[in-house]
Each structure stands twice: as C-alpha cells, then as structure tokens.
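Read through the structure below, which is laid out as structure tokens, and then see the notes.
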Amino acid sequence: MTNNDIVQKLWNLCDVLRDDGINYSDYVTELVMLLFMKMVHENTESDLLKTHILPEGCRWTDLNSKSGLNLLDDYKRILLALSSGKDANNVQVHNDLLISAVYADAQTRLREPRHLEQLVKALDQIDWYSAQQDGLGDLYEGLLEKNASETKSGAGQYFTPRALINSMVRCIQPQAGEIVQDPAAGTAGFLIAADAYIKQHTDDLFNLPAKDQKFQRNKAFLGVELVPSTRRMALMNCLLHGMEGDDEGVVHLGNALGMVGANLAKADIILANPPFGTSKGGDASITRDDLTYKTSNKQLAFLQHIYRNLKPGGRAAVVLPDNVLFEAGVGNEVRRDLMNKCNLHTILRLPTGIFYAQGVKTNVLFFTKGHPKDKLQDENCTTNVWVYDLRTNMPSFGKRTPFTEEHLTPFENVFGKKADGTSKRSEGEWSFNAKEADTTEEAGSNDDLAKSRWRVFNRDWVRDTKGDSLDISWLKDKDSVDAANLPEPEVLAAEAMSELTESLREIDGLMRALGAGDEADVQKQLLQDVLGVGSESA
C-alpha cells in the first residue's frame, strides 16, 4: 500500500465525520487529533516522540479497546487532559508544554459514539508498516495536501504547491546553523522542506557537536501562524518530521503583523507565502508601529517585515500576488525601499491555476539583504532584476494537468548555483515553446531575447521606464488578440448589434412557439423603446 493509497483511505474517513454534521473546513482538524495519537503509537523509533510521550491514560491503547458511550466520554477526557495537563479532578497528568500546545483547546464535535468507533477501527486497519517505510511525516503532509486540493476555502484556499516549495528551498539552499523563519507558516510546509534539505545535504549533520544538534532541533526553525487550528496541524507536522522547536514548538501562535512579529529575532533565511487580501476593517490586524510604510495591504506589510527582519546577507523567497508588483502609492515606496536595502535579483512569474484560489496571479521574489559585493551596504543594493516568465503560454494547471517540479527545472537551471543570486547568468534560455511567442514593443528589437522566458532589466530601467513597477512582461500570449489588427470600433459595434438582434429574434420565435405571444410583444416593445430602433431592426 502506497502513501497515496493511505491518504485516500484517511480522506474517505471524512464521510464518517460528515455524517456527524462536521463540515468540510473541520474535517482534517477533527481527524488529525486522533491521527496524531495513532502515529505516536506507531512511531516507536522516533527519539523526539519518545521524549514527548503521551501520558498514561491518554494513549491510543486507551481508546481502541473501548466502544459506545464509554469510548466517546473517554476521548473527551483524553483531549481535556492533553490540552490542560490535568484530568477532570485537577490532578496533573503531564507537564509537557509542547503536547499542551499541540492539543490546545482541543475538543471533539463528534456526537455519535458509533462514528468515533468507526474512525478508531479504520485507523487500526491501515497498513502502518507501509506508511512508516515512507515516513509518517510525509503521510501527514499528503493528507494536508489532499485537504487543500479538495476544499475550496479556508486553509486550502492558498495552499502552496509542494513542487513550488521544494523549488524555492533548492534555490535558497538553507544550511545547518542558519535561522530559517516563515512569518505566515500555515501547516509549516516551508520549514519542513528546509529541514529536509539540510538533512539531505549535510553529510555529517548527526555527527555535529551536541550544542549544534540542539540548535538544529530547537532554534533553527521558527514560524508564526495566526489560526489556532492551522497551528495545531503545523505542530503535529513538525513533530512527525523530527522538529521540536522551543517550549512553544516550531510554530508560535500569533500575528506576524503584530507584536509577535516585531519581537522575532533576525533571520538568515525567510521563506513565506503570506495570506492574500487586505486587512478587514482597515488596518485592524496590522498593529506594527515599526513598519515605515503604513498600509492595509497585508502583502505589502508582510514584505516590509520580511526584508527588515533579514540579517545582512540574509536570503528570502516570498510568494506575492501581482498587485504587490504594480500597486501605486505605498506600493511604490515599499518596492523602492526593498530594492534600496536588498538585492532583488530574481522574480519568477508563476502560472495561473497552481493555487486553489483560481485566477490568482502570483510571483516569487528572491532577494538578499545588502549589496551583492558588500552585504553590509544598505543603500542602492539592487543593480539588476532578472525575470523568468513561467506564466505566458503555459498550460492551464489543475487536477487534470498538475503543476510539477519538472515545470520549475528550467528556472532552477538559469537561477544558478549560488543561493544569493550572484551566479553568472545570461539571457536567452528557452523552455516550454517560448520560441513560438511573438515580440512586443517592451521586449526590444532582439527577437531571440524577446522570445526567451529569461531576461534581465537594470535598476535604472525599472525606475525610469517602469516608474518602479515590477510588473514586467514581454512575451505575447499566443491566444491573445492583437489590438492593432482589430476592425474599426463602428464595425465592431455593428457586428455586436447584428448578433444581438439575431439572438433576440430567436428568443421571440421560441416564446411564440410556447404560446407566449403577448409577452413576446411586450418585451419587443420594451426593447424598441430602450434601443430606439424600429420594428424591422427589433
């Protein structure tokens, strides 16, 4: 049984939850509270889970031997004890702050004991040996991704595709000893991918001195998440991947645009996909008084936090919607400040359809704090901005055409081997049928460059020609209509009127065939009055 098979089995359990009146958005939250207990029971080889052991009376074996009302009552008792550390008689059962954080305010919405019994039995029947071969953490990740692909709102709305996360991490190349942060952590996908990259690329990671190993386990990774249920999933996810964090776990509960964000230590690396949209009710959720440019646009506020919170030489890769690239006013000021304090060396224009909020156009901004030749320099740090267009003339991605790491390989190749974006680069690389694209005025006269997905624009050009807008495109969409070859406006208007008139005649005929001749006459007269046309035209 593959991990995908197990994920599908787990997802099918959501039908049981739905029968108990639990809606889509609460499916995974309800399921993972049980799932984590089962995974702790199965994962006998994890030193971390042996350290953060569930207390007696609160383990999987305390559930799967019961049935009926006793099972449901015991489950409620266990959740209370795991959350507070005390039982119903106020007796201390554990003092593990991380377990308390994982189960903070946990309570079940299940009302039918038989439904809980179904879930427990189903989890016991899964081939956990197969699951452990691929890693229980990866199985958990698969369930979160399945949730995101199936749900149309909530946590799944802007789920970052795994292929994109991995590509961003490979470009940024986190190293052992560096502090990696995500101020909008979600379920901790970026932090877990960064940890996996370090473990994969550090041969002697487990032979590091005890002090360095403790740093990697407890201090190297830190995220902030605003939504308690999402943070719960993040903490479980991290624990199953062998990441402990401090007393509050790897992911802290709070608002990065409030005091929690203001108090974060400087980071070597920041990877993030901040939530899209504006702050509801003005700037109520943006309470930072240390951000220079006041705005209700959360992405602009997050962008300021990110480049301000990098150490000199620190690297960032951030997913941002198109409006951040071209918004005037404060948007212009933030972009200027970013390009002044950081080397904004690369922009990746992402295709539409890869996020579950359809139609959202996004980009990844890669930048390094300081000047390419002097990381301590904090002025005029951007000299050239390289742009890779992975949006124009790309397939329409979705369930039938998944966005994979293969689509990002050409970009990674031209990005280069240096994580700070200073690899030797050259324009003109091809990919994804870019040769078929036509030139545009902005592209210049060189046809080869005009058709390439990979081009460079110097800082003076961005300032003088684009007015500091970073919404830079040059490839022509092969499906777009060339405005220069359109008929005259009066011809277009006449064609539209002709098509409208013919449609109205067909509707009129249909109404009369259905015996609604009087109504057809009334509608016809109204149309003549509105359009000012004679009976022949109408």
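- Residue Asp105 qualifies as open at atom CG: its count of foreign heavy atoms under 6.0 Å is 12 or below.
- His201 and Gln175 are not linked by any side-chain donor-acceptor pair at a separation below 3.5 angstrom, with hydrogens and angles left out of the test.
- Here Lys341 does not pair with Glu379 in a salt bridge; the nearest charged N to carboxylate O distance is not below 4.0 Å.
- At least one donor-acceptor pair closer than 3.5 Å links the side chain of Arg232 to the backbone N or O of Ala104.
- The existence of a salt bridge linking Lys369 and Asp378 is excluded, since no basic side-chain nitrogen approaches an acidic carboxylate oxygen closer than 4.0 Å.
- Between Glu427 and Arg453 there is no salt bridge, since none of the side-chain N atoms of the basic residue sits less than 4.0 Å from a carboxylate O of the acidic one.
- Taking the six-membered ring for Trp and thresholds of 30 and 60 degrees, Phe397 and Phe403 have ring planes more than 60 degrees apart, a perpendicular arrangement.
- No donor-acceptor distance shorter than 3.5 angstrom exists from the side chain of Thr187 to the backbone of Asn237, with no hydrogens or angles considered.
- The side-chain tip of Arg425 points at the ring of Phe415 from less than 6.0 angstrom away and within 45° of straight on.
- None of Asn363, Leu344, Val387 except one satisfies the side chain to side chain contact (heavy atoms under 4.5 Å, CB included) rule with Leu470; the exception is Leu344.
- Aromatic pair Tyr307/Tyr293: centroids not less than 6.0 angstrom apart.
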Worked check of ring-ring contact (aromatic ring centres under 6.0 Å, His included) between Phe411 and Trp386: CA-CA 11 Å; Phe411 165 71; Trp386 289 80; over 10 Å; no
Gln304 and Thr292: CA distance, side-chain angles, deciding distance, side-chain hydrogen bond (donor to acceptor under 3.5 Å, both in side chains) verdict: CA-CA 8 Å; Gln304 288 185 75; Thr292 305; 4.9 Å; no
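- The two residues Leu226 and Pro228 make their nearest non-hydrogen contact at O-CD, 3.5 Å.
- In summary, Asp468 and Arg459 engage in a salt bridge, as defined by a charged side-chain N under 4.0 Å from a carboxylate O.
- A salt bridge (Lys or Arg N to Asp or Glu O under 4.0 Å) with Asp471 holds for exactly one of Lys361, Arg349, Arg335, Arg391; it is Arg349.
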